[in-house]
2 protein chains.
Amino acid sequence: MRPYSQVLDQLRNAGLRPTRQRLALAKLLFENAPRHVTAEGLHGEAQRAQVRVSLATVYNTLHQFTEAGLLKEVVIDANRSHFDTTTTEHGHFFFEDESRLQDIPDGQVELVSLPDLPEGTTVKSIDVVVRLNNS
Amino acid sequence: MRPYSQVLDQLRNAGLRPTRQRLALAKLLFENAPRHVTAEGLHGEAQRAQVRVSLATVYNTLHQFTEAGLLKEVVIDANRSHFDTTTTEHGHFFFEDESRLQDIPDGQVELVSLPDLPEGTTVKSIDVVVRLNNS
DNA sequence: GTGTTTGCAAAGTGTTTGCAATTTA
DNA sequence: TAAATTGCAAACACTTTGCAAACAC
């Protein structure tokens, strides 16, 4: 839950100018958070909301927001990149038939323990995905 | 651990003719199992082993083997498809800096419990990925 | 022989990039 | 007005596909 009002500050802190496009995309993303988007999907939404923004800019913006810590990229789907407004650690359901992502409520997918790490490595993230089929 | 000798039978059972290309790829895959490959990587290996096989055939073969249950596709990397000779449930380390995959030993990444599933769904698989950075 | 498989090259898909025009500070 | 950002179209990387030739049974 990241109030949209904080977003402007976070853009500034990340050295990102609050352009019309970024603000519009941030609004779509964070006023409806928590949520998951693909570039294509967010672009379509923007168009439907009468926001003129190119697909290239949507891609750039998603990556910039990710670098700024506003989003987390979720690698789950061989065909498409997904982004999540929730950046804290949590698991995902992935509906294979619809290529749709859904958060697993906190506390429902804890690991028994952290595995022994290979020498000279640090954990970047731990991703738990429960892949689901209909029926 | 799937002995290479079983592979011929499994190809037959899957209705796949044991062609020169399939046998050669199966040999590379299962004589060195457990292991992880990408299409590009396996193709390179085949060439180095003097096996003439096209990249298109490598792709086709990897998918056919996956459908036949000989391999499991691991979606972990936004840029490339990875395949694993171990088809039973287990976690993975992913070395982000090298785009390399490694199995987590059995028992080191168990979940405390299965989360409540959304209505009308069944679990296809549960994927646990520990993403690692060097140092 | 008949149906399957292969390899090539072309097409496809999602994503990134170069650069001129535009916008922001 | 200097630097950042956008949008377009082209380029890209990986993957899939159509089809004629080669192969398996």
Side-chain angles (χ1 to χ4, degrees), chain A residues 7-28 36-47 49-68 70-71 73-83 98-101, chain B residues 7-28 36-47 50-68 70-71 73-83 99-101:
Chain A
V7 171
L8 216 150
D9 287 341
Q10 302 215 236
L11 289 188
R12 286 228 181 76
N13 291 343
L16 296 174
R17 292 178 175 178
T19 63
R20 173 177 62 74
Q21 290 87 338
R22 284 185 186 137
L23 289 174
L25 294 176
K27 197 167 176 183
L28 288 173
H36 305 89
V37 298
T38 61
E40 197 81 56
L42 183 59
H43 183 238
E45 248 183 77
Q47 305 216 298
Q50 314 290 334
V51 175
R52 289 176 307 96
V53 57
S54 71
L55 183 57
T57 295
V58 173
Y59 273 107
N60 289 336
T61 302
L62 287 173
H63 287 136
Q64 291 156 351
F65 283 12
T66 300
E67 274 171 47
L70 295 166
L71 295 175
E73 184 169 1
V74 185
V75 180
I76 232 172
D77 182 341
N79 303 305
R80 232 170 307 284
S81 293
H82 294 255
F83 295 84
E98 314 152 50
S99 294
R100 188 166 59 80
L101 212 46
Chain B
V7 171
L8 216 149
D9 287 342
Q10 302 214 236
L11 289 187
R12 285 229 182 75
N13 291 342
L16 296 174
R17 291 179 176 178
T19 63
R20 173 177 62 74
Q21 290 87 337
R22 285 184 186 139
L23 290 174
L25 294 177
K27 197 166 174 183
L28 288 172
H36 305 90
V37 298
T38 62
E40 196 81 55
L42 183 59
H43 183 237
E45 248 182 76
Q47 303 216 301
Q50 314 290 334
V51 175
R52 289 177 307 96
V53 56
S54 71
L55 183 57
T57 295
V58 173
Y59 273 106
N60 289 337
T61 302
L62 287 173
H63 287 135
Q64 291 156 351
F65 283 12
T66 299
E67 273 171 47
L70 294 166
L71 294 176
E73 185 169 0
V74 184
V75 180
I76 234 174
D77 182 341
N79 304 303
R80 233 172 306 284
S81 293
H82 293 256
F83 295 84
S99 293
R100 188 167 58 81
L101 211 46

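Reminder, nothing fancy here: chain letters follow the sequence lines and each chain counts from 1.
- Rounded to 10 degrees, the angle separating the terminal axes of the helix from C:dG1-D:dC25 to C:dA25-D:dT1 is 30°, with each axis obtained from five end pairs.
- Distance, A:Leu62 CG to C:dG14 P: 15 Å, rounded to whole Å.
- Evaluation of the ring pair (Phe, Tyr, Trp, His ring centres under 6.0 Å) rule for B:Phe83 yields B:His63 as partners, not counting sequence neighbours.
- Residues forming a side chain to side chain contact (heavy atoms under 4.5 Å, CB included) with A:Glu98 (at least two apart in sequence, or on another chain): A:Phe95, A:Arg100, A:Asn134.
- Applying the side chain to side chain donor-acceptor pair (under 3.5 Å) criterion to A:Asp77, with sequence neighbours excluded, gives A:His82.
- Legend: residues meeting side chain to side chain donor-acceptor pair (under 3.5 Å) with B:Thr66, ordered by chain and number and at least two apart, are absent.
- Listed pair A:His63 / C:dT15 fails the phosphate criterion, with no side-chain N or O lying under 4.0 Å from OP1 or OP2.
- Atom CD of B:Glu67 and atom C1' of D:dT16 are 14 Å apart (whole Å).
- Applying the 4.0 Å criterion to OP1 and OP2 of C:dT15, one finds that A:Tyr59 has a side-chain N or O inside that range.
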Identify each donor-acceptor pair in which a side-chain atom of residues 17-26 of chain A lies under 3.5 Å from a protein atom, sequence neighbours left out, and give them as a table.
from    : atom 1 : to      : atom 2 : distance (Å)
A:Thr19 : OG1    : A:Arg22 : N      : 3.2
A:Arg20 : NH1    : A:Arg52 : O      : 2.8
A:Arg22 : NE     : A:Gln64 : OE1    : 3.3
A:Arg22 : NH1    : A:Arg17 : O      : 2.9
A:Arg22 : NH2    : A:Gln64 : OE1    : 3.4

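- Applying the ring pair (Phe, Tyr, Trp, His ring centres under 6.0 Å) criterion to B:His43, with sequence neighbours excluded, gives no partner residue.
- For the pair A:Leu16 and A:Thr61, the minimum side-chain heavy-atom distance is 4.5 Å or more.
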Sub-3.5 Å pairs of nitrogen or oxygen atoms, protein against nucleotides 10-13 of chain D:
none

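- Residue B:His43 is out of contact with every strand shown, counting any heavy-atom pair closer than 4.0 Å.
- Shown here are the side chain to side chain donor-acceptor pair (under 3.5 Å) partners of B:Ser99, two or more places apart in sequence or in another chain: there are none.
- Remark: P of C:dT24 and CG of A:Leu23 are 10 Å apart, rounded to the nearest angstrom.
- At least one side-chain heavy atom of A:Leu62 sits less than 4.5 Å from a side-chain heavy atom of A:Val37.
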Note to self: Return a single string for nucleotides 1-8 of chain D, one symbol per nucleotide in 5' to 3' order, where B is base contact, S is sugar-phosphate-only contact and - is none, cutoff 4.0 angstrom on heavy atoms.
What the structure shows: --BSSSBB
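- Taking the side chain to side chain contact (heavy atoms under 4.5 Å, CB included) definition, one finds that A:Ala49 meets it with A:Val51, sequence neighbours left out.
- Taking each heavy atom of A:Ala46 and A:Val53 in turn, the nearest pair found is CB-CG1, 3.7 Å.
- We find that CD of A:Glu73 is positioned 15 Å from P of C:dG14, with the value rounded to whole Å.
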